[in-house]
Each structure stands twice: as structure tokens, then as C-alpha cells.
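These notes are about the structure you will find just below.
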Amino acid sequence: MTVRVERDKATGVAVVTLDRQHRHNAVDLATAAELAEAWRELRFAEEVRAVVLTGAGPAAFCTGIDRGVEVPQPASPYSADDPLIAIGPKSRDLWKPVIAAVNGMACGGAFYLLGEADFLIASETATFFDPHTTYGMVSAYEAVYMAQRMPFGEAARMSLMGTAERLSARRAHTIGLVSELTAPDELLPAALRAAQTLAGFPTEAVQGTVRALWSAKQAALQQALAQAPALIALGNLPPDRQADLFTNRRPGTEFRLR
């Protein structure tokens with residue numbers, strides 16, 4: 001299993017942990033399926049009233065899709081399978097509050113998860129970046145999710161600058177992407193405190209408030225996401241050229257932390 005789900009009946013909180021620390025918690029096909037199933041199960045778990053989502057270890061929350069994954073694609077040019085499209089809680093119709101506890105790197109496909117969390121708490125060592133453009137790929141879904149959570153100029157800069165820059169946890173807090181900063185060893189306790197508070201309130205009112213908040217932006221979000229497949233098909237380099245750029249990247253290349 002690459003996704004751990006721990007439930008505390010006493011507090012009403014579940015902790016969902018991406019557990020591929022050896023791959024910086026990158027998502028392979030098995031992990032994507034396990035995440036989708038975890039959200040489905042939590043919909044029906046009456047004892048769970050709030051959720052914390054995090055990654056194993058201090059190095060990374062999630063680094064997106066595992067570069068070693070081969071995703072089978074239909075022959076039709078009018079359809080494409082995205083293995084990350086259903087890894088977020090809202091995509092699986094879970095409206096219990098989800099708090100993301102971001103430890104270390106969060107990049108690329110991690111934004112499918114962060115984009116569907118209700119709010120973020122981050123370690124002071126967390127960083128955020130989107131490598132797509134560096135490797136000849138369109139940042140479509142990721143950019144749309146982040147444009148919903150950040151000032152437009154900040155989302156644009158992060159999406160366009162690729163691996164040349166990383167957004168520091170402090171900057172993320174300043175612009176409102178992150179609601180609270182903690183020391184690394186205080187991250188999970190802080191997220192659990194918030195989740196336990198939410199779990200202690202009447203769950204119908206909490207879930208209704210989550211739905212109300214998301215309804216404010218859901219129409220625009222769905223319209224924007226609907227454009228993503230065509231933009232990716234038009235703008236992505238062929239897979240072999242993407243692989244060349246990734247393989248030939250310079251190890252230890254400096255990035256600007258802002």
C-alpha cells in the first residue's frame with residue numbers, strides 16, 4: 001500500500017498519508033487508485049468528520065506523477081487519460097473538510113491535491129514549484145488549480161518559471177496560499193488541532209459550509225479544466241523529447257528561492 005489511512009474514532013479525524021518516501025511521494029498508478037478509493041471510503045465513514053492529508057518524511061509532500069509511469073492512452077485524438085484527475089477529495093465527492101499538511105517539496109501534480117484541499121498548513125521548510133515548462137510540458141490542470149488559490153500573477157509566475165524558482169513557505173503564507181506556518185516537527189500537530197476542532201462541530205453544518213465555499217468557484221474551475229486536455233495536446237513536446245530534457249537536466253542546478 002502506498003497510501004496510509006489512519007482513523008481516530010475518538011476525535012473524528014482521519015490522516016491520509018502518501019507513503020512513497022523513496023520516490024518523494026510521487027504518484028504512480030497504484031497510488032492514484034488508492035487515493036481515489038481512500039476518498040470514496042471516507043465519504044461513507046460516519047466516524048470521520050475531518051481529514052488531514054500529508055506526505056511521509058520531511059523531504060516532500062508530493063512531487064506529482066512518478067516519471068517512471070507509463071499511462072496507456074486511447075487511440076482517439078479526442079480523449080486522453082489523466083491518472084491524476086481523480087486523486088483529489090472533491091473529484092470523489094468528499095465534502096468533509098480536508099486540511100493539507102505540506103512538508104518539504106510540493107510540485108507539479110501535487111497541485112491536484114492541494115487544489116482540492118480546503119486550506120493548507122505548511123512547514124517552514126516547504127517549497128512549491130511547477131516543473132512543467134522546463135521539460136516541454138503544458139501546465140494546465142496544475143496552473144488552473146493554483147490560479148484558484150493564489151493571486152493571478154503569483155500563479156502565473158510559478159507556472160511559467162518551471163524549475164528556475166521555488167516559492168518558499170514564507171512567501172506562500174504572505175500571499176495567502178498557506179494559512180499557517182509551523183516548525184517541521186509541529187506541522188502534523190497543528191493540522192490535527194485544526195481538524196479536531198472541525199470534527200467537533202456539527203458535521204452537517206461543516207460540510208454544508210465546505211460546499212458553499214466551493215460553489216463560489218466551482219463553475220469557473222470546471223470551465224477552465226475543460227480546456228486543459230486540448231491545451232496539453234497542442235503544447236506538449238513528444239514524450240521522447242520531454243524525457244531527453246528531464247534526463248539531461250544538470251544535477252544540482254541552482255534555483256531561486258523566493
Side-chain angles (χ1 to χ4, degrees), residues 1-27 31 34-35 38-39 41-43 45-63 87-90 94-107 110-129 146 149-150 166-203 205-207 209-210 213 257:
M1 298 290 286
T2 59
V3 175
R4 284 188 283 113
V5 180
E6 301 163 281
R7 309 180 194 189
D8 186 337
K9 291 184 178 180
T11 64
V13 174
V15 178
V16 176
T17 305
L18 293 170
D19 196 7
R20 298 189 77 223
Q21 194 173 166
H22 66 293
R23 297 291 290 175
H24 289 321
N25 299 320
V27 177
T31 305
E34 288 176 31
L35 279 166
W39 302 130
E41 289 181 1
L42 291 173
R43 285 180 65 211
E46 293 186 16
E47 75 278 9
V48 174
R49 299 180 296 280
V51 182
V52 172
L53 171 65
T54 195
F61 168 78
C62 174
T63 52
I87 66 170
K90 305 302 184 291
L94 178 71
W95 297 99
K96 298 174 183 181
V98 176
I99 300 166
V102 184
N103 43 314
M105 293 182 289
C107 66
F111 299 156
Y112 286 72
L113 293 168
L114 297 184
E116 292 195 2
D118 295 299
F119 58 88
L120 281 56
I121 297 174
S123 163
E124 293 167 340
T125 59
T127 57
F128 304 81
F129 63 102
M146 289 297 99
R149 305 207 69 115
M150 301 164 64
R166 295 188 185 184
L167 191 70
S168 68
R170 190 157 301 282
R171 179 64 181 165
H173 182 255
T174 298
I175 65 176
L177 174 61
V178 169
S179 64
E180 180 181 353
L181 287 181
T182 74
D185 60 352
E186 285 297 314
L187 175 62
L188 191 57
L192 286 171
R193 279 195 300 272
Q196 288 165 13
T197 297
L198 296 177
F201 295 157
T203 192
V206 172
Q207 290 189 49
T209 302
V210 171
L213 286 164
L257 184 66

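None of the values given here were measured: they were computed from a predicted structure.
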Say you draw a straight line from [atom1] of [X] to [atom2] of [Y]; how long is it, rounded to the nearest 0.5 Å?
{"X": "I87", "Y": "L18", "atom1": "CD1", "atom2": "CG", "value": "7.5 Å"}
{"X": "L167", "Y": "R171", "atom1": "CG", "atom2": "CZ", "value": "7.5 Å"}
{"X": "L187", "Y": "I121", "atom1": "CG", "atom2": "CD1", "value": "7.5 Å"}
{"X": "T127", "Y": "M105", "atom1": "OG1", "atom2": "CE", "value": "6.5 Å"}
{"X": "L53", "Y": "L120", "atom1": "CG", "atom2": "CG", "value": "9.0 Å"}
{"X": "L188", "Y": "I99", "atom1": "CG", "atom2": "CD1", "value": "10.5 Å"}

Should [X] and [Y] count as side-chain neighbours, where that means a heavy-atom distance under 4.5 Å?
{"X": "L114", "Y": "F61", "result": "yes"}
{"X": "L192", "Y": "V15", "result": "yes"}
{"X": "V16", "Y": "L35", "result": "yes"}
{"X": "V3", "Y": "T31", "result": "yes"}
{"X": "E180", "Y": "E186", "result": "no"}

Restricting to non-hydrogen atoms, name the atom on [X] and the atom on [Y] that form the minimum distance, rounded to 0.1 Å.
{"X": "V13", "Y": "A199", "answer": "CG2-CB, 4.0 Å"}
{"X": "R149", "Y": "G115", "answer": "NH1-O, 3.6 Å"}
{"X": "A169", "Y": "S123", "answer": "CB-O, 3.2 Å"}
{"X": "R7", "Y": "A45", "answer": "NH1-CB, 3.4 Å"}
{"X": "A60", "Y": "H24", "answer": "CB-O, 3.5 Å"}
{"X": "W39", "Y": "P89", "answer": "NE1-N, 3.6 Å"}

Q. Salt bridge check: are R20 and E34 linked by an N-O gap of less than 4.0 Å?
A.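 No, R20 and E34 are not salt-bridged.
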Q: Using a strict 4.0 Å threshold on nitrogen-to-oxygen distance, state whether K96 and D118 make a salt bridge.
A: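 Salt bridge: no.
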Check: [X] side chain, [Y] main-chain N or O, donor-acceptor pair, under 3.5 Å:
{"X": "N103", "Y": "P184", "result": "no"}
{"X": "R49", "Y": "V206", "result": "no"}
{"X": "S179", "Y": "F119", "result": "no"}
{"X": "T17", "Y": "D19", "result": "no"}
{"X": "T197", "Y": "R193", "result": "yes"}
{"X": "E47", "Y": "K9", "result": "no"}

Q) Will you find, in the side chains of Q196 and T11, an N or O donor that is under 3.5 Å from an N or O acceptor? A)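 Per modelled atom types, Q196 and T11 side chains form no pair under 3.5 Å.
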Q: Apply salt bridge (charged side-chain N to carboxylate O under 4.0 Å, His left out) to E46 and list each qualifying residue two or more places apart in sequence or on a separate chain.
A: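 Salt bridge (charged side-chain N to carboxylate O under 4.0 Å, His left out) list for E46, sorted by chain: empty.
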Q: Give the C-alpha distance, both sets of side-chain angles, the deciding distance and a yes or no for side chain to side chain contact (heavy atoms under 4.5 Å, CB included) between K90 and W95.
A: CA-CA 7 Å; K90 305 302 184 291; W95 297 99; 3.4 Å; yes
Q. V48 and side-chain contact (heavy atoms from CB on, under 4.5 Å): which partner among V5, L42, D8?
A.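 Output: one option passes, namely L42.
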Q: Please test F128 against V102 for side chain to side chain contact (heavy atoms under 4.5 Å, CB included), starting from the C-alpha separation and ending with a verdict.
A: CA-CA 10 Å; F128 304 81; V102 184; 4.0 Å; yes
